[in-house]
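The structure appears right after this line, and notes come after that.
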Amino acid sequence: MSPLYQVLTPEGGLLHDIEGQLDEATMISMLENMLLVRLFDRKCINLQRQGRMGTYAPFEGQEASQVGSAMALTPGDWLFPTYRDHAAAVVHGQSMMRVFLYWMGHMEGSISPTHLNIMPPCVPIATQMVHAVGTAWASKLQNEKHVSLAYFGDGATSEGDFHEALNFAGVFKTPTIFFCQNNGFAISVPFEQQSASKTIAQRAAAYDIPGVRIDGNDIFAVWLTMKKAIERALAGEGPTLIEAMTFRYGAHTTADDPKKYRDQERLSEEWRQERDPIQRLRVYLEKLGLWNERKESDFIASAGAKIDAALAEAESYPKSRPEEMFKHVYAEPTWMATEQEKELVQPAKQEGIPA
Amino acid sequence: MKRKLTMIQAITEAMDQKMAEDSRVMLLGEDVGVNGGVFRATEGLLQKYGANRVVDTPLSEAGIIGSAIGLAMNGMLPVVEIQFLAFIYPGFEQIVSHAARMRYRTRGQYHVPMVIRTPYGAGIRGPELHSESVESFFAHVPGVKVVAPSNPYDAKGLLIAAMEDPDPVIFLEPTKLYRAFKEEVPEEMYRVPIGQAKVVREGTDVSIFAWGAMLRVADEAARQIEREQGISCEMVDLRTIYPLDRDAIVQSVKKTGRAIVVHEAHKTAGMGAEIISIINDEALIYLKAPVKRITGFDVPVPQFSIEDDYLPTPGRVMSGIMETFTY
């Protein structure tokens with residue numbers, strides 16, 4: 001089995017010297033980002049419970065993987081999130097307001113900030129991985145120094161597109177980073193039943209590309225591994241497959257009940273108590289004197305206010321109008337759509353038939 | 001002297017000229033490079049434009065179409081070759097769930113200007129799954145366009161239009177016609193607009209709607225029935241399958257009052273039904289008889305020893321036309 005790369009232990013100790021690689025400001029920002037997205041995630045679940053949002057896919061437990069990887073990017077890089085990776089999207093610059101809109105079923109929930117390339121959350125499994133090969137390939141052909149980062153889960157590795165993407169990226173040496181969050185479960189199916197290979201990282205050997213297995217709850221390991229993969233990609237050496245071992249504390253979505261397929265209480269408690277990504281960084285920064293209870297409560301207060309402001313903006317955002325469904329199907333609408341839009345907006349009036 | 005080309009030569013020329021004009025155009029597919037494509041549609045282009053622009057890909061349709069989506073979103077103009085239409089299915093999800101929806105999901109922020117070229121249709125004695133005509137699958141997907149030329153002139157003009165289209169275009173090339181005949185094709189670049197049918201034969205008594213390889217079958221029937229029965233057939237080459245040229249269909253039916261659709265795709269849920277529906281909506285009262293469909297049967301395209309029996313024949317088309325007179 002590929003060794004697990006870990007830098008920051010669950011107890012908040014360092015296994016490797018990081019001197020000169022990670023500055024204090026970055027480390028503080030890592031903690032703040034993780035605290036922010038965890039609050040955001042919990043807020044979303046509450047909103048769904050209150051009927052103010054649709055079905056939602058929570059990511060609590062996976063903050064280090066998403067925040068650490070997205071923080072390693074630069075503007076102009078291409079980010080391909082799945083439906084569980086809005087923490088990565090937010091950290092890369094997507095507004096929380098936009099993420100709220102997406103989960104509220106708004107037509108405009110997937111728009112990227114104009115200076116960034118944040119793709120809409122990918123709902124089918126593994127299909128975005130080949131897109132990230134294509135965008136990276138185009139960057140390479142156009143001599144642009146940008147990488148494409150594709151997120152996916154352990155279940156995605158069983159799809160054909162996983163194979164096709166890794167194979168293509170290997171052959172054409174595209175600057176693509178394949179970032180797998182192995183959270184142990186594809187909805188209800190445990191990884192042991194998903195795959196006979198013990199790790200996902202080992203699959204990289206088949207494509208002759210580097211495969212790295214890391215502690216996905218250790219944000220230092222995530223960030224440092226990403227930086228290395230980016231450096232490699234931009235040097236023209238091709239793709240990297242990263243397997244970040246992590247766990248989703250909660251359900252697959254708000255429509256799912258994990259008690260049905262796993263010992264939810266025990267597992268969730270175990271990960272929260274023993275391997276939490278936020279706790280270990282908090283301990284480490286406290287030891288360095290960079291963080292304390294007061295700083296945390298101040299930050300939580302300001303983060304909560306930001307989330308509330310984003311929510312207020314999302315809830316007061318003009319509702320999608322029905323005719324918007326006809327826009328942006330093609331550059332120029334077809335005659336069919338144009339007529340059907342009229343049918344929708346001005347239904348034919350006929351005597352005796354109620355509207 | 002005017003120059004004559006086969007359809008395959010016209011297709012090659014369209015790509016060649018567009019690549020010379022626009023460095024963003026690149027070709028991807030299985031065997032399109034060194035081998036020049038299994039039908040030689042890309043012959044000579046690797047030598048001319050190099051391996052970055054004419055790419056022999058792994059045998060991987062989802063990989064080809066999916067990476068072409070990414071290439072298109074990030075500034076390139078990919079022209080994909082899928083070796084045969086029935087080999088497109090591994091990449092179907094990429095077309096339906098992504099190529100067709102990217103503009104929509106991003107509210108116009110990103111779009112996918114790509115062309116998927118693929119030989120289609122029966123009649124070439126191909127092995128199993130080399131002869132399908134499943135254009136309906138794609139015509140049912142909002143966000144893509146579907147085109148099928150029937151002659152070298154249209155093939156060049158439509159392919160150039162497809163390469164300049166800001167949205168994904170499925171470009172169906174009737175395999176049987178690749179080298180069936182030559183006709184005059186202008187040397188310069190020109191466009192045949194997507195979405196426009198063409199009346200290829202004027203007539204007064206019955207309208208025949210067809211596309212791709214069925215044009216030749218329908219034409220043979222039209223000539224014979226005119227000779228033998230004195231029936232004047234108007235023939236409309238639809239050229240674009242999605243979006244259909246409604247005006248051309250309706251105008252012709254209003255003129256003749258009778259219509260038949262000829263397609264080699266299976267009858268049920270084939271595009272013939274859609275054409276009849278347009279006639280129903282716009283020209284019902286002009287009809288002197290129900291619209292007839294002469295199509296491939298609702299069976300898998302059989303092995304080649306009997307594929308000619310699967311395909312519409314001039315005889316079946318003539319019987320169909322006669323039925324619209326004896327109703």
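For a residue to count as touching a neighbouring chain, one of its non-hydrogen atoms must lie under 4.5 Å from one of that chain's; by this rule D167(B) touches chain A with the side chain only. Contact of S60(B) with chain A is made through backbone and side chain together, with heavy-atom distances under 4.5 Å. Contacts of I64(B) with chain A are made by both backbone and side-chain atoms, with heavy-atom separations under 4.5 Å. For a residue to count as touching a neighbouring chain, one of its non-hydrogen atoms must lie under 4.5 Å from one of that chain's; by this rule M325(A) touches chain B with backbone and side chain alike. Of the atoms belonging to S23(B), not a single heavy atom falls under 4.5 Å from chain A. With a 4.5 Å cut-off on non-hydrogen atoms, V141(B) touches chain A through its backbone but not through its side chain. For chain B, the nearby parts of I111(A) are the backbone and the side chain; heavy atoms of each come within less than 4.5 Å. Contact annotation for S148(A): neither backbone nor side-chain heavy atoms come within less than 4.5 Å of a heavy atom of chain B. Of the two parts of W137(A), the backbone and the side chain both hold a non-hydrogen atom closer than 4.5 Å to a non-hydrogen atom of chain B. When heavy atoms are compared at a cutoff of 4.5 Å, V171(A) approaches chain B solely by way of its side chain, counted from C-beta outward. Both the backbone and the side chain of T127(A) come within less than 4.5 Å of a heavy atom in chain B. For I194(B), no part lies under 4.5 angstrom from a heavy atom of chain A. Interface residue E108(A): backbone and side-chain heavy atoms are both found under 4.5 Å from chain B. Interface remark: T174(A) contributes no atoms to any contact with chain B (heavy atom separation under 4.5 Å). Residue A68(B) does not touch chain A at all, counting heavy-atom pairs closer than 4.5 Å. Only the side chain of M336(A) comes within contact range of chain B, judged by heavy atoms closer than 4.5 Å. Using a 4.5 Å cut-off between heavy atoms, A331(A) contacts chain B through both its backbone and its side chain. For D56(B), the part sitting under 4.5 Å from any heavy atom of chain A is the backbone (N, CA, C, O) and nothing else. For P166(B), the part sitting under 4.5 Å from any heavy atom of chain A is the side chain, from C-beta outward, and nothing else.
Atom CD of E237(A) sits in a crowded spot, with more than 12 heavy atoms from other residues, nucleotides or ligands closer than 6.0 Å. No more than 12 heavy-atom neighbours from other residues, nucleotides or ligands sit within 6.0 angstrom of OH on Y286(B). For E323(A), the CD atom sits in a packed shell: over 12 heavy atoms of surrounding residues, nucleotides or ligands are nearer than 6.0 Å.
Using a 4.0 Å cut-off between charged nitrogen and carboxylate oxygen, E324(A) and K327(A) do not count as a salt-bridge pair. Salt-bridge formation is detected for the pair K18(B)/E21(B): a Lys NZ or Arg NE/NH1/NH2 atom is positioned less than 4.0 Å from an Asp or Glu carboxylate oxygen. For R239(B) and D154(B), the salt-bridge test passes: some basic side-chain N is under 4.0 Å from an acidic carboxylate O.
Residues A314(A) and M104(A) share a closest heavy-atom pair of CB-SD, 4.2 Å. Across all their heavy atoms, P168(B) and A99(B) have their closest contact at CG-O, 3.5 Å.
With chain A as the partner, the residue from R101(B), R24(B), R107(B) showing the most heavy-atom pairs under 4.5 Å is R107(B). With chain A as partner, the option from G143(B), P243(B), G108(B) having the largest number of non-hydrogen pairs under 4.5 angstrom is G143(B). Contacts with chain B were tallied for H146(A), M119(A), E332(A); M119(A) has the most, counting heavy-atom pairs under 4.5 Å. If you tally non-hydrogen atom pairs under 4.5 Å between each of L141(A), V133(A), T334(A), N167(A) and chain B, the highest count goes to L141(A). Chosen from T106(B), V144(B), D165(B), the residue pairing most often with chain A at heavy-atom distances under 4.5 Å is V144(B).
Using cut-offs of 30° and 60° for the angle between ring planes, the Y207(A) and F162(A) rings count as perpendicular. Using cut-offs of 30° and 60° on the angle between ring planes, the pair F87(B) and H130(B) is perpendicular.
A side-chain N or O of R203(A) and one of S195(A) form a donor-acceptor pair less than 3.5 Å apart. Side-chain contact, S112(A) with N117(A): no donor N or O sits under 3.5 Å from an acceptor N or O. With 3.5 Å as the limit, one finds a donor-acceptor pair spanning the side chains of Y151(A) and S69(A).
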Between T176(A) and F168(A), does the side-chain contact (heavy atoms from CB on, under 4.5 Å) criterion hold? Intermediate values first, please. CA-CA 10 Å; T176(A) 311; F168(A) 250 73; over 6 Å; no
